**Q** 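Have a look at this one.
Model, not experiment: these values are computed from the prediction.
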Amino acid sequence: MKYDDVVETLASYIGKEWEFDNDTKNIAKLILKDSMGCMVKSLNNNQCKKMLGPVENGAYVERGIMVPGQRKGLGLLDASWNLGILVRWLDYNDCFLAEEWGHPSDNLGGIIAAAYHQAETGSRITVGGVLNFMIKAHEIQGVLSLSNSLNRNGYDHVFFVKLATAAVVSKILGGNEETIKNTIANVFADGAPLRIYRHAPNVTTRKSWAAGDATMRGVRMALLTKKLDEGYPNILTEPDWGFNANVMNGKNITVSRELGDYVVRNILFKADFPAEFHAQTGAEAAMRLSEKYNGRLESIKEIRISTHESAVRIIAHKEKLTNPSDRDHSLEYIIAVALMNGDLKTEYYYDEYHSSHPEIDQLINKMKVIENPQYSNDYLNPEKRSVTNAIQLIFEDGEESEVIEVEYPIGHKFRRNEVEPIIKRKFISNVNDYYESDKVRELIELFEDEEELFKMDIRKFMQKWIM
């Protein structure tokens, strides 16, 4: 049955067998390594730990899916949820920015859980196979983000996580192209969540678990569709009840480029510090200024910040920063603590740190944030995809610092040669915080023999993360 063109395009891409080249596979391996490190780092966060385990108390599963931080197995949906919130909780995993933005490795929660589940039923899936599915999920979420803005209509980007996870998991579970189309249609019918939990005065930790919820819902939609295999061929274009008319406010959702491996090749790593990605270059610029002016912060009269439109709209000009979820999405807060410390750590967002450092708010009150139209154009330019911030300090005696402009964050493809050693350092730091030294060495070695890693059963891979 013929479906709307976008659904046909997505399902055809998922349904075909692909062999990605070595460069793409190497980046995918780096994404997996970074994502696993982010999961482990999240295990030290008290709020995250409250959300782990089965949703229903005690609902562990014999021979279930093993998840870092859990000593017993979980069912497919609970495992998707746990892995999803672990990779996303600290906002430290990969990123992709365009008309919409998001974190494509959020899909790993559902992909790894579904692959493990299938392996338990006799369909062996390797780490290399999981990476192939991950590349496809990245591509769907990222390419849809290129030309379709959910946020401008008040909806959250994790809808694209739900969609990408569902499409890929439908294939993992054995679905043919017709089943994949029906699954995608059911996700569109399911709709998108509001962004209210990402914006003051309603920011909560839901922004940390929304993607885990989305990847779990994607798995659930794939499971439900597999049972009856029903869908809606005109789910996007139906004039009264379709997705375009209602969620997209009358604008057609589009796939603006041929699907392949573009997104993985253009992925942005949060390589050296945890900050919302639109602020990464601002943090780096502030650190450079801190090297020279750290001892003179009290005499600053004004801090001028030039940035791109998305940063102004999403993470600037917040009146109150009442919790860590607010602070790690505040351009001004991130720049203030980077100026003060010359670095950036997750701990700087915590309530106790904020309350014991009144100078943070003093610096924020001196900041003026404006949009630079050229930065906004370059942000959307497919040949550049920059994320520029520039900072200048004005002192009370009239002295002005140099303008420090950072166009591309360290995790950008134009700085890819810088990122691998930083990801390695980040990974070691993350796993060192949780595991004993022998286990840390084992996990480091796990990624060093690429051939062996790619051939490894996904169950064996995940079991190595269990203490």
**Q** So does R265 get a backbone contact from the side chain of R416, meaning a donor-acceptor N/O pair under 3.5 Å?
**A**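 Here the side-chain-to-backbone pair exists.
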**Q** For F20, is the NZ or CZ atom of K25 found under 6.0 angstrom from the centre of its six-membered ring and inside 45 degrees of the ring axis?
**A** no
**Q** Using modelled atom types only, decide if a donor and an acceptor are shared between the side chain of Q118 and the backbone of S123 within a distance under 3.5 Å.
**A**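 Checking the backbone N and O of S123 against the side chain of Q118, no donor-acceptor pair under 3.5 Å is found.
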**Q** Check whether any side-chain heavy atom of H308 sits under 4.5 Å from a side-chain heavy atom of H278, and report yes or no.
**A**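 Yes, at least one pair of side-chain atoms sits under 4.5 Å.
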**Q** N93 and S35: side-chain donor and acceptor closer than 3.5 Å?
**A**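 Not at all, the side chains of N93 and S35 share no donor-acceptor pair under 3.5 Å.
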**Q** For A98, is there any backbone N or O sitting under 3.5 Å from a side-chain donor or acceptor partner on S145?
**A**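 Judged by distance alone, no pair lies under 3.5 Å.
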**Q** Go through D351 and R327 one step at a time and tell me if the salt bridge (charged side-chain N to carboxylate O under 4.0 Å, His left out) criterion holds.
**A** CA-CA 9 Å; D351 292 344; R327 297 177 198 118; 2.8 Å; yes
**Q** Going through the checks in order, is the salt bridge (charged side-chain N to carboxylate O under 4.0 Å, His left out) test met by R415 and E420?
**A** CA-CA 10 Å; R415 298 176 68 179; E420 283 209 43; over 6 Å; no
**Q** Which heavy atom of C48 sits nearest a heavy atom of L86, and at what distance?
**A** SG-CD2, 4.0 Å
**Q** Taking the six-membered ring of F96, is the NZ or CZ of R385 close enough (under 6.0 Å from the centre) and on axis enough (within 45°)?
**A** yes
**Q** Got M66 and Y116 here, is their nearest side-chain heavy-atom distance under 4.5 Å?
**A** yes
**Q** Assess whether side chain to side chain contact (heavy atoms under 4.5 Å, CB included) is satisfied between S310 and W101, documenting all intermediate values.
**A** CA-CA 10 Å; S310 291; W101 39 83; 3.9 Å; yes
**Q** Taking the six-membered ring for Trp, are F269 and H412 closer than 6.0 Å centroid to centroid?
**A**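 For F269 and H412, the ring centres are not under 6.0 Å apart.
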**Q** Please check this pair: side chain of E436 against backbone of D438, looking for a donor-acceptor N/O pair closer than 3.5 Å.
**A**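 No, because the side chain of E436 does not come within donor-acceptor range (under 3.5 Å) of the backbone of D438.
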**Q** Which pair of non-hydrogen atoms, one from I180 and one from G175, has the smallest distance, and what is that distance?
**A** CD1-O, 4.0 Å
**Q** So is K72 actually on top of Y60's ring, under 6.0 Å and inside 45° of the axis?
**A** yes
**Q** Test side chain to side chain contact (heavy atoms under 4.5 Å, CB included) on Y350 and N45 and set out the steps.
**A** CA-CA 11 Å; Y350 293 167; N45 184 280; 3.9 Å; yes
**Q** Restricting to non-hydrogen atoms, name the atom on K318 and the atom on H329 that form the minimum distance, rounded to 0.1 Å.
**A**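 Here K318 and H329 meet closest at NZ-O, 2.7 Å.
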**Q** Does the pair R441/E445 count as a salt bridge with the N-to-O cut at 4.0 Å?
**A** no
**Q** Determine whether a donor-acceptor pair (N or O, by modelled atom type, separation under 3.5 Å) exists between the side chain of K270 and the backbone of A275.
**A** yes
**Q** I'd like to know whether K226 forms a salt bridge (charged side-chain N to carboxylate O under 4.0 Å, His left out) with D229, so could you lay out the CA-CA distance, the side-chain angles of the two residues, the decisive distance to 0.1 Å, and finally the verdict.
**A** CA-CA 5 Å; K226 185 180 180 183; D229 213 2; over 6 Å; no
**Q** Could you check whether any side-chain N or O of E99 sits under 3.5 Å from a backbone N or O of L146, counting only pairs where one atom can act as donor and the other as acceptor?
**A**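 No.
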**Q** Does N381 CG have over 12 foreign heavy atoms under 6.0 Å away?
**A**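 Count over threshold, so yes.
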**Q** For D5, is the CG atom crowded, meaning more than 12 foreign heavy atoms sit under 6.0 Å from it?
**A** no
**Q** Backbone N or O of L144 within a donor-acceptor pair of the N148 side chain at under 3.5 Å?
**A** yes
**Q** If I compare all heavy atoms of P68 with all of L43, which pair ends up nearest, and what's the gap?
**A**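 Reported closest heavy-atom pair: O-CD2, 3.7 Å.
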**Q** Do H317 and V312 come within less than 4.5 Å of each other through their side chains, counting heavy atoms only?
**A**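 Contact flag for H317/V312 side chains = yes.
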**Q** Is there side-chain contact between I65 and M462, with at least one heavy-atom pair below 4.5 Å?
**A** no
**Q** So for atom NZ, which belongs to K227, do other residues, nucleotides or ligands contribute more than 12 heavy atoms lying within a distance under 6.0 Å?
**A** no
**Q** With a sphere of 6.0 Å drawn around CD1 of I196, does it hold more than 12 non-hydrogen atoms of other residues, nucleotides or ligands?
**A**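 Not buried by this count: 12 neighbours or fewer within 6.0 Å.
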**Q** Considering only heavy atoms from C-beta outward, does the side chain of H103 approach that of F277 to under 4.5 Å?
**A** no
**Q** Establish, yes or no, whether the cationic atom of K426 lies under 6.0 Å from the six-membered ring centre of Y92 and within 45° of the ring axis.
**A**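 Yes, cation above the ring, under 6.0 Å and within 45°.
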**Q** Are I172 and I111 side-chain neighbours, meaning at least one heavy-atom pair lies under 4.5 Å?
**A** yes
**Q** Report the C-alpha separation of M134 and N107 in whole Å, then their side-chain angles, then the decisive distance to 0.1 Å, and conclude whether the side chain to side chain contact (heavy atoms under 4.5 Å, CB included) test is met.
**A** CA-CA 7 Å; M134 185 196 78; N107 294 288; over 6 Å; no
**Q** Looking only at the side chains, is there a donor atom on one of T215 and T165 sitting less than 3.5 Å from an acceptor on the other?
**A**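 Distance-only check passes for T215 and T165.
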**Q** Give a yes or no on whether W241 atom CH2 has more than 12 heavy-atom contacts from other residues, nucleotides or ligands under 6.0 Å away.
**A** no
**Q** Given side chain to side chain contact (heavy atoms under 4.5 Å, CB included), test D326 with K320 step by step and report yes or no.
**A** CA-CA 8 Å; D326 258 337; K320 291 184 179 181; 5.8 Å; no
**Q** Using a 6.0 Å cut-off, check whether atom CD of E258 has over 12 heavy atoms from anything other than its own residue.
**A**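 12 or below, so no.
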**Q** Report yes or no: do S147 and T254 form a side-chain donor-acceptor pair below 3.5 Å?
**A** yes
**Q** Show your working on side-chain hydrogen bond (donor to acceptor under 3.5 Å, both in side chains) between D94 and H138 and close with a plain yes or no.
**A** CA-CA 10 Å; D94 69 14; H138 270 61; 2.9 Å; yes
**Q** Verify the ring-centre separation between F159 and F188: is it less than 6.0 angstrom?
**A**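 So the answer is yes for these two rings.
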**Q** Is the backbone N or O of M1 less than 3.5 Å from a side-chain atom of K181, with the two atoms forming a donor-acceptor pair by type?
**A** yes
**Q** So, do F461 and L446 sit near enough that their side-chain heavy atoms are less than 4.5 Å apart?
**A** yes
**Q** Between V203 and N323, what is the shortest heavy-atom contact and its length?
**A** O-ND2, 3.1 Å
**Q** Would the distance check show the side chain of D449 and the main-chain N or O of E452 forming a donor-acceptor pair, the cut-off being under 3.5 Å?
**A**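 Here the side-chain-to-backbone pair exists.
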**Q** Without hydrogens or angle criteria, can the side chains of T24 and D261 be said to hold a donor-acceptor pair below 3.5 Å?
**A** yes
**Q** Within the structure provided, determine whether L97 and V387 are in side-chain contact (heavy-atom separation under 4.5 Å).
**A** yes
**Q** Is there a side-chain hydrogen bond (donor to acceptor under 3.5 Å, both in side chains) between S149 and N151 once you walk through the steps?
**A** CA-CA 5 Å; S149 177; N151 65 82; 3.2 Å; yes
**Q** How far apart are the closest heavy atoms of A279 and N389, and which atoms are they?
**A** CA-ND2, 4.3 Å
**Q** Ignoring hydrogens and geometry beyond distance, is a side-chain donor-acceptor pair present between T225 and N182 at under 3.5 Å?
**A** no
**Q** Verify, without hydrogens or angle tests, whether D106 (side chain) and V87 (backbone) share a donor-acceptor contact under 3.5 angstrom.
**A**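 Not at all, since once roles are kept as given, no pair shorter than 3.5 Å links the two residues.
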**Q** If you apply the rule ring-ring contact (aromatic ring centres under 6.0 Å, His included), what do you find for H354 with Y333, and how did you get there?
**A** CA-CA 10 Å; H354 181 225; Y333 188 94; 5.6 Å; yes
**Q** Just wondering, are more than 12 heavy atoms of other shown residues or ligands nearer than 6.0 Å to NZ in K345?
**A**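 Result for NZ/K345: open.
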**Q** Using the six-membered ring of Y13, assess whether NZ or CZ of K136 lies under 6.0 Å from its centre and within 45 degrees of the ring axis.
**A** yes
**Q** Would you sort out whether T205 and S325 count as a side-chain hydrogen bond (donor to acceptor under 3.5 Å, both in side chains), showing the intermediate values?
**A** CA-CA 6 Å; T205 55; S325 297; 5.9 Å; no
**Q** Considering residues, nucleotides and ligands other than K439, do more than 12 of their heavy atoms fall under 6.0 Å from its NZ?
**A**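 Enclosed: over 12 neighbouring heavy atoms sit under 6.0 Å from NZ of K439.
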